[in-house]
Amino acid sequence: MNMEEKEKPSDFIREIIREDLKNRKFDSRVHTRFPPEPNGYLHIGHAKSICLNFGAAEEFKGLCNMRFDDTNPTKEEVEYVESIKEDVRWIGFDWQEREYYASDYFEKMYGYAVELIKKGKAYVCDLSADEIREYRGTLTASGKESPYRNRTVEENLSLFEKMKIGEFPDGSRTLRAKIDMSSGNINMRDPVMFRILHSEHHRTGNKWCIYPMYDYAHCVSDSIEGITHSICTLEFEDHRPLYDWFLNELGVYHPQQIEFARLNLSYTVLSKRKLIQLVQEGHVNGWDDPRMPTISGIRRRGYTPESIRNFCERIGVAKRDSMVDMALLEYCIREDLNKQAQRVMAVLRPLKVVVVNYPEGQVDELDAINNPEDPGMGTRKVPFSRVLYIEKDDFREQPPKGFFRLSPGKEVRLRYAYYITCVDVVKDKNTGEVTELHCTYDPATRGGDSPDGRKVKSTLHWVSASHAIKAEARLYDYLFTKPVPGEESGDFKTDLNPKSLEALKQCFVEPSLVNAKSGDRFQFERMGYFCADRDSTKEKPVFNRTVTLRDTWAKIEKLQKKS
RNA sequence: UGGGGAGUCGUCCAAAGGUAGGACGGCAGCCUCUGGAGCUGCUUAUAGGGGUUCGAAUCCUCUCUCCCCAGCCA
């Protein structure tokens, strides 16, 4: 086995494709499609499907179509088609000119339906929605045939024509496939093919007042486009017999439907219904809120397309229900950003430090490495002066066991600068809060190395007070406090994390960040990866925390608090 | 109690009758001018019972558990 073979993702779907290719099925073609309904924003679960459909097509030198499954005008909007296109492109795939819509095929679907009527395989039914439900039976009891089931072909043809030209009100009649009301598979109990909907469609306008149902529209669309492998999620497994029935009765080109398990991710929700609820009820600030698992939210949070693709590869594709650990997604973005992101110093919760033996008014320009993982990214100058800010968490008046950072009398290194020793602690007279530290520095340690070889246990990040830029940092935590939101209570919203967003408005970042543009990503050393948000202004940049760095000390501290 | 699926480390995915392996997480250590990164080691897994076989996660059989389906949604 060579290296290339080793790297290739493999799963049961790719195995099927390989087998089909070997047997020259579908003329040795591979043609998939990504078929979203434009009724919401794409999320990380869709990314799995996108990577599978576009990825497999690419690997087998085939094609993948973009197809909007727009058969329900009451729920669909152009806003959604635009966002979907942007998101798929951002993830890194291209459908060239093959941008299709199920609505492109309405005429053809109508014609095919007429054929089925002529074959005696479809009929116009006057039952109401409630009556259809009654007649359908239950999971264990078989259904009853509709009294309209045996109309003549002529009558059906004329009624269907009248449905089309708008002679009947919404809900008054449907076109149904004539299959088997006693089937154990409820989908086969004379499913509805067309319903009457006097509703304006985002593409076809008012041309149609009957719209096809998913089961009928999907297989026909796949057939028209010459799809070979129609990949969908597990809940459609029961629909496959119907998919096959329509295509067989029509006697047209017949793709193969294959089902895989949809993605579940811990500490979030991935259902359109729930996501739309979060947006509409204001639990988040829109579809692209960085806490949302939507592609647009993840993008704004600072994730890279590369990390999403790697994630989708790592989680694999199979048929069993599963719950992927959020920690894996975080691993993927850290892995990518560790290699890419420019390092920078930013103090999120500032504590003032006066270097008492450093001359007032003097400024040192120190060399800092932009990315230790990539020397090619070069170095930059960072200004040092008498008054600095360090991170509040990096000082403890009474250091707990294992605390390596600054405390009274202790010496630490300021990254790329000098060793400093804390000589005095200034407190607020009323609250007792530490407001300022007095430290001395050792001029011999300039650059961060001690000529006498003495070691310090810790290196702190810092900024020069007079040079720093004021900034806002938005720290995000999981949107939910439980791995499976609502598992106990039954209502996912009871597990919403009240601390999922913490906005720190008085941060100080090093001056090199003046030029940061919206979308730029950085590692704030020792704090995490951050991405400049579009809310940034010239006066005050805003940074979203994409993900923290792994934090060993935080882990130790948490353990200590427990015991 | 109808029909359709699925059960392998904590999590995700492999192993197509022949040593149950990888990744994430966790733990321990090494290293380090980021308590980052990197490196090394460890990590109570084949749902259960029978059977076939020299040999079973894999084949047969019985049982158990979980998921999906009763929209004129997709």
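Throughout, protein chains are lettered first and strands after them, A, B, ... in sequence-line order, and every chain is numbered starting at 1. These numbers come from the heavy atoms of this one structure, side chains and all, not from hydrogens, waters or symmetry mates.
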Novice: Mind checking who B:G36 pairs with, Watson-Crick or G-U wobble, both distances under 3.5 Å?
Specialist: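 Result: none.
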
Novice: Mind checking A:Y416 for me? I need base, sugar-phosphate or nothing, with any heavy atom below 4.0 Å counting as a touch.
Specialist: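 Result for A:Y416 = base.
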
Novice: Can we say A:D190 and A:R149 salt-bridge, meaning some charged N sits less than 4.0 Å from an Asp/Glu carboxylate O?
Specialist: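 Salt bridge present between A:D190 and A:R149.
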
Novice: Expressed as a whole number of Å, how far does the C1' atom of B:U63 sit from that of B:G22?
Specialist: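 To the nearest whole Å, 33 Å.
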
Novice: Given the P atoms of B:C24 and B:A20, what is the spacing between them in whole Å?
Specialist: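 Per the computed distance, 23 Å lies between those P atoms.
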
Novice: Using only modelled atom types and a 3.5 angstrom limit, is any donor from either the side chain of A:E373 or the base of B:G36 paired with an acceptor on the other?
Specialist: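 Answer is yes: a donor-acceptor pair is held.
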
Novice: When the P atoms of B:A45 and B:G17 are compared, how many Å lie between them, rounded to an integer?
Specialist: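 That atom pair is separated by 25 Å.
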
Novice: Report the residue (A:R446 or A:S322) whose heavy-atom-nearest nucleotide on RNA chain B is the more 5′ of the two.
Specialist: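 Comparing both residues, the 5'-ward one is A:S322.
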
Novice: NA contact type, A:Q523, heavy-atom cut-off 4.0 Å: base, sugar-phosphate, or nothing?
Specialist: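 Base, at least one base atom sits under 4.0 Å.
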
Novice: Counting only Watson-Crick or G-U wobble pairs whose two distances fall under 3.5 Å, which nucleotide matches B:U11?
Specialist: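 Per the H-bond distance test, B:A23.
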
Novice: Please work out if A:R189 contacts a base, only the sugar-phosphate, or nothing of the nucleic acid, heavy-atom cut-off 4.0 Å.
Specialist: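 Here A:R189 touches no strand at all.
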
Novice: Given A:F194 and A:Y211, is the ring-ring contact (aromatic ring centres under 6.0 Å, His included) satisfied, shown in steps?
Specialist: CA-CA 5 Å; A:F194 276 91; A:Y211 291 92; 8.8 Å; no

Novice: Using atom P in both nucleotides, what's the gap between B:C9 and B:U58 to the nearest angstrom?
Specialist: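 15 Å, rounded to whole Å.
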
Novice: Taking only the side-chain nitrogens and oxygens of A:R133, find out if one of them lies under 4.0 Å from OP1 or OP2 of B:G71.
Specialist: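 Checking B:G71 against A:R133, a side-chain N or O does come within under 4.0 Å of OP1 or OP2.
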
Novice: A:K555 side chain N/O closer than 4.0 Å to the phosphate oxygens (OP1, OP2) of B:G26?
Specialist: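 Affirmative; the distance criterion is met.
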
Novice: Looking at A:R176, does any N or O in its side chain come under 4.0 Å of the phosphate oxygens OP1/OP2 on B:C72?
Specialist: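 No.
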
Novice: Look at all strands and tell whether A:P241 reaches a base, only sugar-phosphate, or nothing, counting heavy atoms closer than 4.0 Å.
Specialist: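 Nothing, no nucleic acid heavy atom in range.
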
Novice: Might you confirm whether atom CD of A:E365 has over 12 heavy atoms from other residues, nucleotides or ligands at distances under 6.0 Å?
Specialist: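 Yes, the 6.0 Å shell around CD holds more than 12 heavy atoms from other groups.
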
Novice: OP1, OP2 of B:G22 versus side-chain N and O of A:R314: anything below 4.0 Å?
Specialist: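 A:R314 to B:G22 OP1/OP2: no side-chain N or O under 4.0 Å.
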
Novice: What's A:T140 touching, base or sugar-phosphate or nothing? Going by heavy atoms closer than 4.0 Å.
Specialist: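 Base contact.
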
Novice: Closer than 4.0 Å, any side-chain N/O of A:R550 to the OP1 or OP2 of B:A37?
Specialist: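 Yes, within the criterion.
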
Novice: Taking only the side-chain heavy atoms of A:D238 (C-beta and beyond), determine which of B:A74, B:C69, B:G71 contains the nearest atom.
Specialist: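 Of all the options, the side chain of A:D238 is nearest to B:C69.
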
Novice: In whole angstrom, give me the gap between the P atoms of B:C13 and B:G7.
Specialist: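 The same atom, P, in both gives a distance of 9 Å.
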
Novice: Within the 4.0 Å heavy-atom criterion, would you say A:Y135 contacts the bases, only the backbone, or no part of the nucleic acid?
Specialist: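 It contacts nothing in the nucleic acid.
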
Novice: Can you tell whether the side chains of A:R380 and A:E510 come within less than 4.0 Å, N to carboxylate O?
Specialist: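 Yes, this pair counts.
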
Novice: What does A:R413 touch in the nucleic acid at a heavy-atom separation under 4.0 angstrom: a base, only the sugar-phosphate, or nothing?
Specialist: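 Base: the residue A:R413, judged by heavy atoms under 4.0 Å, touches a nucleobase.
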
Novice: Which whole number of Å gives the distance between the P atom of B:A14 and that of B:C54?
Specialist: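 Nearest-Å result for B:A14 against B:C54 at atom P: 32 Å.
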
Novice: With a 3.5 Å limit on both atom pairs, tell me what B:U65 is paired to, counting Watson-Crick and G-U wobble, or say none.
Specialist: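 Base-paired to B:A6.
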
Novice: Any salt bridge linking A:K319 with A:E237? Criterion: basic side-chain nitrogen under 4.0 Å from a carboxylate oxygen.
Specialist: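 Yes, charged N to carboxylate O under 4.0 Å.
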
Novice: From the set B:U34, B:C73, B:G35, return the single nucleotide nearest to any side-chain atom of A:P372.
Specialist: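 The nucleotide sitting nearest to the side chain is B:U34.
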
Novice: Quick one: is A:S183 getting a side-chain N or O under 4.0 Å of the B:G2 phosphate, OP1 or OP2?
Specialist: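 For B:G2, OP1/OP2 do not have a side-chain N/O of A:S183 under 4.0 Å.
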
Novice: Using both distances under 3.5 Å as the test, list the Watson-Crick or G-U wobble partner of B:G55, or none.
Specialist: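 Paired with B:G55, as far as the under-3.5 Å criterion goes, is no nucleotide at all.
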
Novice: Using a heavy-atom cut-off of 4.0 Å across all strands, would you classify A:G143 as base, sugar-phosphate, or nothing?
Specialist: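 Nothing, no heavy atom under 4.0 Å.
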
Novice: Do NZ/NE/NH1/NH2 and the carboxylate oxygens of A:E335 and A:R314 come within less than 4.0 Å?
Specialist: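 Looking at A:R314 together with A:E335, the answer is yes, because their closest N to O distance falls below 4.0 Å.
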
Novice: Checking contacts here: which listed nucleotide (B:C12, B:G35, B:G36) is nearest the side-chain heavy atoms of A:L549?
Specialist: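 Of the candidates, B:G36 comes closest.
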
Novice: Does B:U34 have OP1 or OP2 under 4.0 Å away from a side-chain N or O of A:R343?
Specialist: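 Negative; the distance criterion is not met.
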
Novice: Which one, B:U34, B:A70, B:A37, comes nearest to the side chain of A:L139?
Specialist: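 Among the listed nucleotides, the one closest to the side chain of A:L139 is B:A70.
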
Novice: Across the strands shown, which category fits A:H218 at heavy-atom distances under 4.0 angstrom: base, sugar-phosphate, nothing?
Specialist: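 No contact at all - A:H218 keeps every heavy atom at 4.0 Å or more from the nucleic acid.
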
Novice: For A:W553 and B:G35, is the gap between ring centres under 5.5 Å while the planes differ by less than 30°?
Specialist: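 Stack criterion met.
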
Novice: Map A:G448 and A:A327 onto RNA chain B by nearest heavy atom, then report which one ends up closer to the 5' terminus.
Specialist: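 Final value for this comparison: A:A327.
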
Novice: Below 30° counts as parallel, above 60° as perpendicular, anything between as tilted: where do the rings of A:F106 and A:H201 land?
Specialist: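 Rings of A:F106 and A:H201: perpendicular, over 60°.
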
Novice: When all nucleic acid strands are considered with a 4.0 Å heavy-atom cut-off, which category describes A:E76: base, sugar-phosphate, or nothing?
Specialist: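 Nothing, no heavy atom under 4.0 Å.
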
Novice: Hey, does the side chain of A:R18 come within less than 4.0 Å of B:A16's phosphate (OP1/OP2), counting only N and O?
Specialist: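 For B:A16, neither OP1 nor OP2 has a side-chain N or O of A:R18 closer than 4.0 Å.
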
Novice: With a 4.0 Å cutoff (strictly under), does any side-chain N or O of A:Y214 reach OP1 or OP2 of B:C73?
Specialist: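 The answer is no; no side-chain N or O of A:Y214 sits under 4.0 Å from OP1 or OP2.
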
Novice: A:A129 near the nucleic acid: base, sugar-phosphate alone, or nothing, with a heavy-atom cut-off under 4.0 Å?
Specialist: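 Since a base atom lies under 4.0 Å of A:A129, the category is base.
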
Novice: Indicate whether OP1 or OP2 belonging to B:C72 is found under 4.0 Å from a side-chain N or O atom of A:R136.
Specialist: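 The answer is yes; a side-chain N or O of A:R136 sits under 4.0 Å from OP1 or OP2.
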
Novice: Mind checking the P distance from B:A6 to B:U44? Whole angstroms is fine.
Specialist: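 Roughly 30 Å separates the two P atoms.
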
Novice: Quick one: label A:L328 by what it contacts on the DNA or RNA (base, sugar-phosphate, nothing), any heavy atom closer than 4.0 Å.
Specialist: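 Sugar-phosphate, backbone atoms only, no base.
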
Novice: Please work out whether the ring planes of A:F530 and A:F524 are parallel, tilted or perpendicular, with thresholds of 30° and 60°.
Specialist: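 Correct class here is parallel.
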
Novice: When we call it a touch if two heavy atoms are under 4.0 Å apart, what does A:D449 touch: a base, just sugar-phosphate, or nothing?
Specialist: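 It contacts base atoms.
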
Novice: Around A:K410, counting heavy atoms of other residues, nucleotides and ligands shown, do more than 12 lie under 6.0 Å from its NZ?
Specialist: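 It does not: A:K410 NZ has 12 such atoms or fewer within range.
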
Novice: For a quick check of understanding: with a heavy-atom distance under 4.0 Å over all strands, which category does A:S128 fall into, base, sugar-phosphate or nothing?
Specialist: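 Here A:S128 touches the bases of the nucleic acid.
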
